[in-house]
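This report concerns only the one structure given below.
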Amino acid sequence: MSQPAVGQAARPEEIEIAGERAVCDQNGVLYFPELDLLAVSDLHLEKGAAYARRGSFVPPYDTAATLLRLQAMVAHYDPQMVISLGDSFHDGKGAAHMPDIFRDRLTALMAGRDWFWVAGNHDPDAPEGLPGETVQELAIGNLVFRHEPSAVPVRGEISGHLHPCARIVQRGRSVRRRCFASDGSRLIMPAFGSYTGSLNVLDRAYAGLFSWDAFMAYLLGARRIYAIAGSMLQPG
């Protein structure tokens with residue numbers, strides 16, 4: 001996988017999901033131009049703090065780093081609507097315990113926009129002390145937004161939860177990146193949070209979710225998206 005030259009402009013990938021035009025951004029967000037809607041998944045804000053409450057100490061920089069990247073994406077696309085697709089906080093106490101400096105930054109980011117928190121398995125309840133509307137799922141146009149992908153194919157479904165990544169081997173070099181996973185009918189988003197892991201799209205957790213002959217993994221590169229057919233992917 002060759003890398004673009006230094007200074008080359010970022011190049012997102014435009015795709016279609018259930019007839020709706022979408023832009024896969026190499027930073028891990030999904031933008032729908034006709035809907036003026038930005039989707040992001042699995043922020044896992046305050047994950048470091050959640051670990052600390054359980055006695056496992058990791059560098060406490062994840063919320064700052066994640067919010068900084070989210071601010072950049074919202075500023076770039078300036079959407080009217082933002083949907084956070086669940087696991088926005090790493091646990092149910094995350095929003096309540098969030099330091100004021102981060103709370104104020106997030107609240108300012110939400111101002112003047114329609115903001116939806118989709119309930120996740122880590123954060124099933126509304127985030128305490130924050131604006132926005134909490135929903136189990138949200139249907140807009142041809143699309144339905146939810147946290148966990150349905151066990152059976154659902155046309156137009158946009159979900160997260162599985163933290164997809166993909167691996168290819170090219171010229172003897174192995175490359176493993178987070179990715180958008182889609183067959184054109186539904187899409188699973190990569191995790192956006194700074195401390196989140198990833199699960200290869202060839203794992204059995206994805207079995208039956210996609211039409212494999214149409215499947216594409218859109219790998220997040222440093223400055224662009226790499227669209228890779230399912231037949232080129234490797235486990236691991």
Side-chain angles (χ1 to χ4, degrees), residues 9-43 66-67 69-88 106 109-120 131-150 153-166 177-193 196 201 209-211 214-221 223-228:
R11 194 175 78 198
E13 184 81 13
E14 188 171 298
I15 64 173
E16 193 172 281
I17 304 294
E20 298 281 4
R21 187 164 64 98
V23 174
C24 296
D25 190 285
Q26 73 278 1
N27 294 287
V29 300
L30 189 66
Y31 180 64
F32 293 89
E34 279 75 28
L35 302 173
D36 199 14
L37 185 163
L38 185 75
V40 63
S41 189
D42 295 275
L43 299 171
T66 299
L67 284 180
R69 292 188 295 113
L70 183 59
Q71 281 180 298
M73 291 295 94
V74 171
H76 178 71
Y77 288 101
D78 192 22
Q80 177 56 43
M81 182 183 301
V82 176
I83 301 176
S84 185
L85 280 177
D87 288 359
S88 303
L106 182 55
L109 192 63
M110 299 171 70
R113 309 180 197 282
D114 299 320
W115 195 287
F116 293 92
W117 303 104
V118 174
E133 183 177 348
T134 297
V135 296
Q136 293 299 313
E137 60 182 50
L138 188 65
I140 299 174
N142 296 327
L143 306 172
V144 58
F145 296 85
R146 55 172 62 100
H147 178 58
E148 296 190 32
S150 304
V154 176
R155 179 172 169 80
E157 182 183 80
I158 310 295
S159 62
H161 182 61
L162 292 178
H163 301 198
C165 73
R177 300 277 175 84
R178 298 184 190 192
C179 70
F180 297 89
S182 180
D183 59 2
S185 179
R186 72 194 304 186
L187 180 143
I188 301 178
M189 293 191 60
F192 191 84
T196 51
V201 294
L209 296 183
F210 297 105
S211 297
F215 180 83
M216 297 289 291
Y218 299 95
L219 279 64
L220 311 188
R223 296 189 62 82
R224 59 166 288 189
I225 288 284
Y226 296 88
I228 308 296

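Every heavy atom of this structure was used, including side-chain atoms; hydrogens, water molecules and symmetry mates were not.
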Determine whether Met110 and Val82 make a side-chain contact, defined as any pair of heavy atoms from C-beta on separated by less than 4.5 Å.
-> no

Criterion side chain to side chain contact (heavy atoms under 4.5 Å, CB included) on Thr196 and Arg178, from CA distance to verdict | CA-CA 10 Å; Thr196 51; Arg178 298 184 190 192; 3.2 Å; yes

Ile140 and Ile83, any side-chain heavy atoms less than 4.5 Å apart = yes

Quick check: does any side chain N or O of Asp183 sit under 3.5 Å from a backbone N or O of Phe210, one acting as donor and the other as acceptor?
-> no

Least distance between heavy atoms, Ala217 atom then Ala166 atom = CB-CB, 3.9 Å

Given side chain to side chain contact (heavy atoms under 4.5 Å, CB included), test Tyr226 with Leu220 step by step and report yes or no.
-> CA-CA 7 Å; Tyr226 296 88; Leu220 311 188; over 6 Å; no

Look up atom CD in Glu13 and atom CG in Asp25, then write down how far apart they are to the nearest 0.5 Å.
-> 11.5 Å

With a 4.5 Å limit on heavy-atom distance, are the side chains of Cys179 and Leu219 in contact?
-> yes

What pair of heavy atoms forms the shortest contact from Glu148 to Ser159, and how long is it?
-> C-CB, 4.0 Å

Stepwise, does the side chain to side chain contact (heavy atoms under 4.5 Å, CB included) test hold for Val29 with His76?
-> CA-CA 11 Å; Val29 300; His76 178 71; over 6 Å; no

Working to the nearest 0.5 Å, report the span between CD1 of Ile188 and CD of Glu157.
-> 7.5 Å

Check: Gly28 main-chain N/O paired with Arg69 side-chain donor or acceptor under 3.5 Å | no

Distance col, row Glu20:CD vs Leu187:CG, nearest 0.5 angstrom, shows 13.0 Å

Side chains of Leu209 and Arg186: closer than 4.5 Å at any heavy-atom pair?
-> yes

Identify, with sequence neighbours excluded, every residue that meets salt bridge (Lys or Arg N to Asp or Glu O under 4.0 Å) alongside Asp114.
-> none

Does Ser182 reach the main-chain N or O of Gly184 with its side chain, forming a donor-acceptor pair under 3.5 Å?
-> yes

Taking the side chain as every heavy atom from C-beta outward, state whether Arg113 and Asp78 have any pair of such atoms under 4.5 Å apart.
-> yes

Take Ile225 and Phe180 through the test side chain to side chain contact (heavy atoms under 4.5 Å, CB included) and record every step on the way to the result.
-> CA-CA 9 Å; Ile225 288 284; Phe180 297 89; 4.0 Å; yes

Below 4.5 Å, heavy atoms only, C-beta onward: do Phe145 and Val135 meet side chain to side chain?
-> no

Rounded to the nearest 0.5 angstrom, the CG-OG distance for Leu70 and Ser88 is 9.5 Å

Does Glu14 have any salt bridge (Lys or Arg N to Asp or Glu O under 4.0 Å) partners at least two apart in sequence or in another chain, and if so, which?
-> Arg21

Check whether any side-chain heavy atom of Phe32 lies under 4.5 Å from a side-chain heavy atom of Leu143, and answer yes or no.
-> yes

For the atom pair SG (Cys24) and CE (Met189), what is the distance rounded to the nearest 0.5 Å?
-> 8.0 Å

To the nearest 0.5 Å, tell me how far Leu43 CG sits from Phe192 CZ.
-> 7.0 Å

Answer yes or no: is there a side-chain heavy-atom contact under 4.5 Å between Asp42 and His163?
-> yes

